[in-house]
Amino acid sequence: MAKEVQKFVREAGYQPLEGRSIIVKYAPENLSEQITAFFNSEFYVLQMCEHEIVLLPFNTTWGNLRKDVSLVLPYGDIQSVELEDVTFNTVITIRTGTDTIRLTAQQAELSDLRSSGIYASIYSGFFKNWHKENLDGTLKALTELGNRAS
């Protein structure tokens with residue numbers, strides 16, 4: 001995982017789990033939203049921490065990570081987690097008692113050529129893609145969170 005991500009998460013008061021960070025966007029609901037989402041460059045780091053999931057936004061102008069936490073989701077609030085492969089992405093649907101949060105993560109196989117690979121490489125040198133390295137383990141851990149809640 002990028003040291004910068006760990007540093008920001010710790011500064012915000014959370015304990016990041018090693019190897020449990022990936023790059024995500026909010027998932028579009030329908031075809032119209034998919035078209036606009038294609039041009040939307042709002043990416044986030046989804047970081048699993050000791051007791052919660054934290055989203056850290058990237059700066060859309062400069063591509064660097066912002067020192068800001070845009071979402072904190074305590075594990076105890078999670079009722080279910082579902083994964084669905086849609087074209088070249090995996091849609092992550094997290095349900096709580098009051099909300100449904102849909103995120104999309106670019107699949108590992110092409111991430112070196114896509115935005116997730118570019119953002120991941122910025123923080124670890126241009127030959128290391130921590131999104132790709134962490135994706136399977138993070139998705140499995142998220143699914144297990146949903147299974148525990150059931």
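Quick caveat, the model's predicted, so the values are computed rather than measured.
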Which atoms form the tightest heavy-atom contact between [X] and [Y], and what is the distance?
X	Y	answer
Val81	Thr143	CG1-N, 4.2 Å
Gly19	Thr138	O-OG1, 3.5 Å
Arg10	Gln15	NE-OE1, 4.1 Å
Cys49	Tyr75	O-OH, 2.5 Å
Thr104	Tyr26	CG2-O, 4.2 Å
Ile22	Leu135	CG2-CA, 3.7 Å

Euclidean distance, [Y] [atom2] relative to [X] [atom1], rounded to 0.5 Å:
X	Y	atom1	atom2	result
Ile92	Glu82	CD1	CD	12.0 Å
Gln106	Asn89	CD	CG	5.5 Å
Leu139	Glu144	CG	CD	11.0 Å
Asp99	Gln79	CG	CD	10.5 Å
Ile94	Thr100	CD1	OG1	10.0 Å

Between Ser21 and Asn134, a side-chain donor and acceptor under 3.5 Å
yes
Is it true that Gln6 and Gln47 share a donor-acceptor pair across their side chains at a distance under 3.5 Å? no
Practice item. Would you please test Leu71 and Val54 for side-chain contact (heavy atoms from CB on, under 4.5 Å) and show each step? Key: CA-CA 6 Å; Leu71 176 70; Val54 175; over 6 Å; no
- Task: Evaluate the criterion side-chain contact (heavy atoms from CB on, under 4.5 Å) for residue pair Ile53 and Ile78; output intermediate values, then yes/no.
- Result: CA-CA 10 Å; Ile53 294 170; Ile78 296 173; 3.9 Å; yes
The salt bridge (charged side-chain N to carboxylate O under 4.0 Å, His left out) partners of Glu50 (sequence neighbours excluded) come to none
By salt bridge (charged side-chain N to carboxylate O under 4.0 Å, His left out), Glu84 pairs with (sequence neighbours left out) none
Review point. Would Leu73 and Glu52 count as a side-chain contact (heavy atoms from CB on, under 4.5 Å) if you check the C-alpha gap in whole Å, the side-chain angles of each, and the deciding distance to 0.1 Å?
Key: CA-CA 5 Å; Leu73 184 59; Glu52 58 276 302; 5.8 Å; no
Original post:
How far apart are the C-alpha atoms of Phe8 and Val69, what are their side-chain angles, what is the distance that settles it, and do they pass the side-chain contact (heavy atoms from CB on, under 4.5 Å) test?
Top reply: CA-CA 9 Å; Phe8 288 177; Val69 174; over 6 Å; no
- Would you say Leu56 and Val5 make side-chain contact, with heavy atoms under 4.5 Å? yes
